[in-house]
There are 2 protein chains.
Amino acid sequence: MLPNLTIRQLQTFREVMRSGSISEASRTLLRTQPAVSTMIANIEKELGFNLFVREHGRLTPSPEAHYFLEEAEEVLDRLDRTVRTMSEFGTLDRGSLRIACHPASSGFFLPKVLAEFLKGRPDVKADLVMRSSQVIEDMIASQEFDIGLAETPRQRSSIRIEPFRLECVIALPEQDPLASKDVLTPADLENYPMAMLFSDHPDTLATQRAFAQCGATLNRRFVLRTSLPALPLVGAGLCGAIVDRITAATSPAPGVVFRRFTPVIASSIALLLPAQRPASILTTAFRDYLRQHLVQVENTLISTG
Amino acid sequence: MLPNLTIRQLQTFREVMRSGSISEASRTLLRTQPAVSTMIANIEKELGFNLFVREHGRLTPSPEAHYFLEEAEEVLDRLDRTVRTMSEFGTLDRGSLRIACHPASSGFFLPKVLAEFLKGRPDVKADLVMRSSQVIEDMIASQEFDIGLAETPRQRSSIRIEPFRLECVIALPEQDPLASKDVLTPADLENYPMAMLFSDHPDTLATQRAFAQCGATLNRRFVLRTSLPALPLVGAGLCGAIVDRITAATSPAPGVVFRRFTPVIASSIALLLPAQRPASILTTAFRDYLRQHLVQVENTLISTG
DNA sequence: TTCAGGCTATAAATTGGATTTATATCGTGC
DNA sequence: GCACGATATAAATCCAATTTATAGCCTGAA
């Protein structure tokens, strides 16, 4: 029959060995002398042999006691490391984040949010990748990644979706006379040189529909893969641009002003989370943090400068 | 404030993770379901975060729970090894013996006793050295060695001494007419060729005194450092020999018979143990075992063959 | 739909091991 | 010889773990 030792027994034994005395140990352990005395006696009973030789009312550790001390220290140290590590999960000081984001958020928005979130958490690992929205959907469904930010996909049982409705805005050179208006219409932009995304993109399609409905001519001067490079073009006075709200809210854009547009062109961006499996504490915290920032972008009014 | 985990909590958690269910775990742990349920809840409270997501009355482990499982297994394994090792001390299956013996016991007696004692204890280490009795005394006093067997030294506070009085015997060729006698006297051995130890040795001195007292002539044909090589000389019919009891009792001696001698020449052999420090369990057991064998040698009658 | 049977959670009662309180014994040093 | 500091032991107490009892929830079968 093997002995059955408890952590408390190991701690008590260690302290008795360190101090060389039961009374002394009882003081540092904030217990009474009999408590320690009986606990040591119980350990000895469990082990089946004595750890100390008692003579003249003093304790002398046996060779086995010295060996046991080394073992006990290792067990206690191991447990201590575990406890420390586990409590770091609770304080968000440990863990890993696997984040997949779509092009528009990958330039400034997500890096900024992530940087803020990780400030002061040197032991948190992060894996941040940029992919097309379709690919992100699969990466979340397959649980390769913990959090996705992409254009809202159709409902799938393997993904939890939190959508945000973000109006696109018009970027204009700040000197342009149109910048005096709060809200622009297709008529205002009749034949105005514009930078826009590729033809397939929903925002492009929606813009074309808006112009067509008003009978206005859309002048697509620049075709881009992402909105970000439009900003320097606009800043240089070469064109205006239809820009998603995330890019507009976070990217540096000297010499550019943003104005609202009617009819509203809303891109539906969503937080994607793997369904079924629980998220880690860190993922949950970052999800909350990210959501908060998205809500903020959603609610920020575009004001006339 | 760091959490304070117990072994029982770790064991319980591990079982819940393994079986994937509190009810199932409670069965294998031979406890009731609420006991396990509250214990898991308490672990979560201590850690400060949940390890399982409860939905539909089922548990799903969080990523942190998987990590915690690995940690818990390591702690438990470490403790398990400790417990196993410590209980081996109790069953004498582990430990080390450092034994120093004097020449007479080093040839056959101590190796035989040690071999018997270690039978079936593959993990016990032994260090057996042969030294002069004076050196052994110091090696025990300095606690370099655990057990010494040597000629009885004077009292020292750093050594505990257990003396044994062992009569020397006469070795004779079995064909010799003297072999018919039970007890020999110096007169019987008048001018008989003898193998003996060097002149300084107490047994040699005592023998010389005995012969002198009887006015008998002692014929020292062979002078040896130990008694053992005397036996083949005696067996070959070249001489008789004064042999210490330990050598006589345990060494193979074909063609040799042993007879008592008066006046008695007694060598005082002693078990030497370090004072002050407690002996290991294994040392204590071996000391008992060795003592028993010494008593046996002490009490064995030399019978006429 | 309902019912049986699986799961988990919670409250209250119980238990048992750890702890405290109280006391005895032994040695050492003054 | 006596105070002091050590350890051991017994009895009382306390607290955490466990059991008992119960309720809620979901699933699958009738």
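To find a chain, count down the sequence lines: A is the first, B the second, and so on, and within it residues start at 1.
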Look at the side-chain N and O atoms of Arg58(B) and state whether any lies under 4.0 Å from the OP1 or OP2 oxygen of dT8(C). no

Atom-pair distance (CG on Asn4(B); P on dC15(D)), nearest Å: 16 Å

Mind checking the OG1-NZ spacing from Thr38(A) to Lys45(A)? Nearest 0.5 Å is all I need. 9.5 Å

Nearest whole Å is fine: how far is dC7(C) P from Phe52(B) CZ? 15 Å

Round to the nearest Å and state the distance from Gln11(A) atom CD to dA18(C) atom P. 13 Å

Under 3.5 Å, which N/O atoms of the protein pair with N/O atoms of nucleotides 18-22 of chain D?
residue	atom	partner	partner atom	Å
dT18(D)	OP1	Arg8(B)	NE	2.5
dT18(D)	OP1	Arg8(B)	NH2	2.6
dT18(D)	OP1	Arg31(B)	NH1	3.0
dT18(D)	OP2	Arg31(B)	NH1	3.1
dT19(D)	OP2	Thr32(B)	N	2.7
dT19(D)	OP2	Thr32(B)	OG1	2.7

Carefully, step by step, assess Leu273(B) and Glu162(B) under the rule side-chain contact (heavy atoms from CB on, under 4.5 Å). CA-CA 8 Å; Leu273(B) 302 162; Glu162(B) 288 187 38; 4.1 Å; yes

Could you check how far NZ of Lys45(A) sits from P of dG17(C), rounded to whole Å? 11 Å

Within residues 15-24 of chain A, find the residues that approach DNA chain D with a heavy atom at under 4.0 Å, and present them sorted by residue number. Ser21(A), Ile22(A), Ser23(A)

Does dA8(D) have its OP1 or OP2 closer than 4.0 Å to a side-chain nitrogen or oxygen of Ser37(A)? yes

Take atom CD1 of Ile43(A) and atom C1' of dG17(C), then tell me their distance rounded to the nearest Å. 14 Å

Is the closest side-chain heavy-atom distance between Glu298(B) and Arg245(B) below 4.5 Å? no

Check the distance between dT10(C)'s P and Glu44(B)'s CD and give it to me in whole angstrom. 11 Å

Rounding to an integer number of Å, can you tell me how far Ile40(B) CD1 sits from dA9(C) P? 9 Å

Value rounded to 0.5 Å, distance of CG in Leu79(A) from CD in Glu74(B): 12.0 Å

Measure the acute angle between the ring planes of Phe109(A) and His293(A), then classify it against the limits of 30° and 60° as parallel, tilted or perpendicular. perpendicular

Could you give the CG-to-P distance, from Leu29(B) to dA17(D), as a whole number of Å? 15 Å

Classify the ring geometry of Phe52(A) against Phe13(A): parallel below 30°, tilted from 30° to 60°, perpendicular beyond 60°. tilted

More than 12 non-hydrogen atoms from neighbouring residues, nucleotides or ligands closer than 6.0 Å to CD on Glu116(A), yes or no? yes

Decide yes or no for Ser23(B) and Arg27(B): does some side-chain heavy atom of the first lie under 4.5 Å from some side-chain heavy atom of the second? yes

Sorted by chain and residue number, the ring pair (Phe, Tyr, Trp, His ring centres under 6.0 Å) partners of Tyr67(A) (sequence neighbours excluded) come out as Phe89(B)

